[in-house]
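Naming: A, B, ... by sequence-line order, numbering from 1 per chain. Keep in mind the model is a prediction, meaning the values are calculated, not measured.
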Protein chains: 2
Amino acid sequence: MPNGHRIKPPPHTHCTECPVRKLAWFEPGEEDALDRREALRTTQYIVPAKQPVYQEGDAPREVYTLQSGWVIQYKMLENAHRQVLNVALPGDLLAFRPNLDTPLDHAALTATEVTLCVFNEHSIHRLLSEFPELTHRLFEIQSAQAAQCRRRLSYVGQAPARQRIAMFLLDLIERLSVRGVDISQPISFPLNHEDIADAVGITPVHLSRISSEMRGLGIVDCRYNKLTVRDIARLQSLAHAGI
Amino acid sequence: MPNGHRIKPPPHTHCTECPVRKLAWFEPGEEDALDRREALRTTQYIVPAKQPVYQEGDAPREVYTLQSGWVIQYKMLENAHRQVLNVALPGDLLAFRPNLDTPLDHAALTATEVTLCVFNEHSIHRLLSEFPELTHRLFEIQSAQAAQCRRRLSYVGQAPARQRIAMFLLDLIERLSVRGVDISQPISFPLNHEDIADAVGITPVHLSRISSEMRGLGIVDCRYNKLTVRDIARLQSLAHAGI
DNA sequence: CGTTAAGTTGAAGCGTCTCAAGATTGGTGG
DNA sequence: CCACCAATCTTGAGACGCTTCAACTTAACG
């Protein structure tokens with residue numbers, strides 16, 4: 001078990017009651033297949049906020065479904081800069097590789113306290129052979145993750161800072177909405193300026209300037225673990241047209 | 001059949017003689033399984049240089065293995081900037097999606113004349129059911145493509161221009177070496193400055209300045225469809241330490 | 001209420017972009 | 001073989017976006 005984690009004592013969350021199971025990797029399926037699938041989930045971990053889930057180079061022989069909380073996946077460069085690759089939200093799959101002895105090419109850090117559903121090599125194998133449709137689901141998830149990475153690469157490579165920030169926030173807002181978060185209200189937002197800056201490839205100082213400007217224009221306010229979206233139309237216009 | 005392609009008349013290249021089959025998606029396998037697999041390849045296309053293979057939004061009901069030539073995969077932003085996502089080399093898999101009616105999120109353009117081996121929905125399905133180990137191989141390929149995208153995102157987001165260029169060239173050189181290209185000699189290199197600039201997120205003008213500087217230092221020379229690597233150690237030091 | 005982490009602001013400098021003119025290369029036809 | 005053309009690459013000058021460093025302000029938390 002990785003550093004800083006603790007095994008959640010039973011009773012564990014049941015899949016049938018899991019709020020994110022429709023997003024998670026072992027949807028789709030019949031309601032009554034879930035009991036069997038749940039039995040193949042090894043255990044659940046709880047990791048406190050601001051703790052590593054895994055480091056680059058680790059090769060944990062397990063994969064995780066994020067059941068609750070936020071996780072920041074990132075890569076460190078040799079110049080000590082950090083690129084945030086993804087902000088994982090409930091339902092997202094972490095540390096998946098086709099061979100579990102392949103080392104991970106990136107690290108992951110909890111933004112909040114999180115609950116992880118754990119699957120080891122054996123349980124994955126059993127799941128895939130008992131429920132062959134899950135193989136297809138895994139392909140879809142991998143494919144969606146890759147598409148998200150290409151999107152991020154495109155705007156980090158080609159858009160100016162103002163636009164990158166707008167696109168990053170809109171991506172997140174969209175994914176939160178899918179998860180039932182009401183973004184017309186101020187929401188709890190466990191990313192600080194440094195996290196956002198590292199995701200879009202600018203410095204926190206510059207992010208602060210642009211972010212103050214957006215706040216002044218009544219578009220968004222993201223500070224101190226709160227996000228308030230005041231004018232989503234203008235945010236979209238910023239993201240798409242840069243104005 | 002997509003625009004600008006033509007169907008290559010038989011005799012097609014045989015898999016047993018294919019120079020890149022060890023890299024391609026239907027390795028691994030027994031030598032004698034290749035005949036059967038080849039029978040499931042629908043056909044081969046030949047596409048001239050500088051022609052589209054597919055556009056963003058297309059949903060061709062087929063996937064391609066690049067048998068020979070180079071292909072540039074990219075995404076256009078609404079501000080008319082282009083991000084080059086990948087330079088596909090022989091053996092690489094193009095347009096793969098878990099559901100072939102999903103539209104593609106990026107476009108592809110030939111850099112040289114290319115030969116594509118074509119697989120349609122039916123043939124993929126037959127291949128995967130006759131050779132179940134190919135499913136695992138597809139996971140590996142998808143996973144490697146995603147890892148490459150994360151790498152690119154990291155240096156485009158976090159490294160200065162000089163370092164990005166060095167990393168991009170080293171990535172390419174490494175992948176060419178795997179394919180048996182001898183980079184101690186000048187090689188044919190069908191990317192112009194604009195292609196490289198769009199891959200690393202700078203302007204062609206700035207690329208030209210840095211590239212002249214590197215040439216002056218006797219590190220690399222990439223112009224006019226030729227690449228000469230003069231000092232790979234210094235190129236690596238540039239990529240890793242920025243000096 | 002004090003302490004610490006997080007965000008803000010100013011000033012100066014550097015890296016990258018833009019625009020525009022000029023040079024080099026490879027290809028084509030005379 | 002040479003002249004010409006188009007595409008590609010190069011170079012300069014000025015402007016702009018983003019970074020750096022450092023001081024200051026604000027919010028969160030016990």
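Take B/Q163 and apply the side-chain contact (heavy atoms from CB on, under 4.5 Å) test, not counting sequence neighbours, and it matches A/N79, B/A159, B/P160, B/M167. Here B/R215 pairs with B/D221 under the salt bridge (Lys or Arg N to Asp or Glu O under 4.0 Å) rule; sequence neighbours left out. By the side-chain contact (heavy atoms from CB on, under 4.5 Å) test, B/S68 pairs with B/T115, sequence neighbours left out. In this view, B/R97 satisfies the salt bridge (Lys or Arg N to Asp or Glu O under 4.0 Å) rule with no residue, not counting sequence neighbours. Take B/P103 and apply the side-chain contact (heavy atoms from CB on, under 4.5 Å) test, not counting sequence neighbours, and it matches no residue. Every residue meeting the ring pair (Phe, Tyr, Trp, His ring centres under 6.0 Å) condition with B/F96, not counting sequence neighbours, appears here in chain and number order: A/F139.
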Listing, residues 104-113 of chain A side-chain donor-acceptor contacts under 3.5 Å, not counting sequence neighbours, or none:
unit_1: A/D105; atom_1: OD1; unit_2: B/R150; atom_2: NE; d: 3.3
unit_1: A/D105; atom_1: OD1; unit_2: B/R150; atom_2: NH2; d: 3.4
unit_1: A/D105; atom_1: OD2; unit_2: B/R150; atom_2: NE; d: 2.9
unit_1: A/D105; atom_1: OD2; unit_2: B/R150; atom_2: NH2; d: 3.2
unit_1: A/H106; atom_1: NE2; unit_2: A/Y54; atom_2: OH; d: 2.9
unit_1: A/H106; atom_1: NE2; unit_2: A/Q73; atom_2: NE2; d: 3.2
unit_1: A/T110; atom_1: OG1; unit_2: A/P48; atom_2: O; d: 2.7
unit_1: A/T110; atom_1: OG1; unit_2: A/K50; atom_2: N; d: 2.9
unit_1: A/T110; atom_1: OG1; unit_2: A/Q51; atom_2: N; d: 2.8
unit_1: A/T110; atom_1: OG1; unit_2: A/Q51; atom_2: O; d: 3.1
unit_1: A/T112; atom_1: OG1; unit_2: A/W70; atom_2: N; d: 3.0

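The minimum heavy-atom distance linking B/G157 with A/V156 is given by the pair CA-CG1, 3.6 Å.
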Self-check item: Worked verdict on B/L191 versus B/F189 for side-chain contact (heavy atoms from CB on, under 4.5 Å)
Solution: CA-CA 6 Å; B/L191 304 180; B/F189 187 73; 3.8 Å; yes
Practice problem: Just do the side-chain contact (heavy atoms from CB on, under 4.5 Å) check on A/N225 and A/S188 with the steps written out, would you? | Solution: CA-CA 6 Å; A/N225 297 322; A/S188 150; 5.9 Å; no
Practice problem: Tell me, with the steps shown, if B/I187 and B/V229 meet side-chain contact (heavy atoms from CB on, under 4.5 Å). | Solution: CA-CA 9 Å; B/I187 62 164; B/V229 183; over 6 Å; no
Practice problem: Show your reasoning for whether side-chain contact (heavy atoms from CB on, under 4.5 Å) applies to B/N86 and B/Q145. | Solution: CA-CA 9 Å; B/N86 185 41; B/Q145 286 179 359; 5.9 Å; no
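B/S212 comes within 4.0 angstrom of the backbone, heavy atoms only, and of no base.
A salt bridge links B/D92 and B/R175; the closest N-O separation between the charged side-chain nitrogens and carboxylate oxygens is under 4.0 Å.
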Self-check item: B/S/- contact track for nucleotides 25-30 of chain D, protein heavy atom under 4.0 Å
Solution: -BSS--
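Across the helix from C/dC1-D/dG30 to C/dG30-D/dC1, the helix axis at one end is tilted relative to the axis at the other end by 40° (nearest 10 degrees, each axis from five pairs).
For the pair B/R82 and B/Y74, the cation sits on the ring face: its NZ or CZ lies under 6.0 Å from the ring centre, inside 45° of the axis.
Between chain B and DNA chain C, the heavy-atom contact criterion of under 4.0 Å yields a 5' to 3' nucleotide range of C/dT16 to C/dT25.
At a non-hydrogen distance threshold of 4.0 Å, A/N192, A/H193 from residues 183-196 of chain A come into contact with DNA chain C.
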Are any protein N/O atoms closer than 3.5 Å to N/O atoms in nucleotides 17-20 of chain D? If there are, list each pair with its distance.
unit_1: D/dC18; atom_1: OP1; unit_2: A/A161; atom_2: N; d: 3.0
unit_1: D/dT19; atom_1: OP1; unit_2: A/T203; atom_2: N; d: 3.4
unit_1: D/dT19; atom_1: OP2; unit_2: A/T203; atom_2: N; d: 3.0
unit_1: D/dT19; atom_1: OP2; unit_2: A/T203; atom_2: OG1; d: 2.8
unit_1: D/dT20; atom_1: O4; unit_2: A/R209; atom_2: NH2; d: 2.8

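In this structure, the side chain of A/S177 engages the main chain of A/I173 through a donor-acceptor pair within 3.5 Å.
Taking 4.0 angstrom as the limit, B/R215 places none of its side-chain polar atoms (N or O) nearer than this to OP1 or OP2 of D/dC9.
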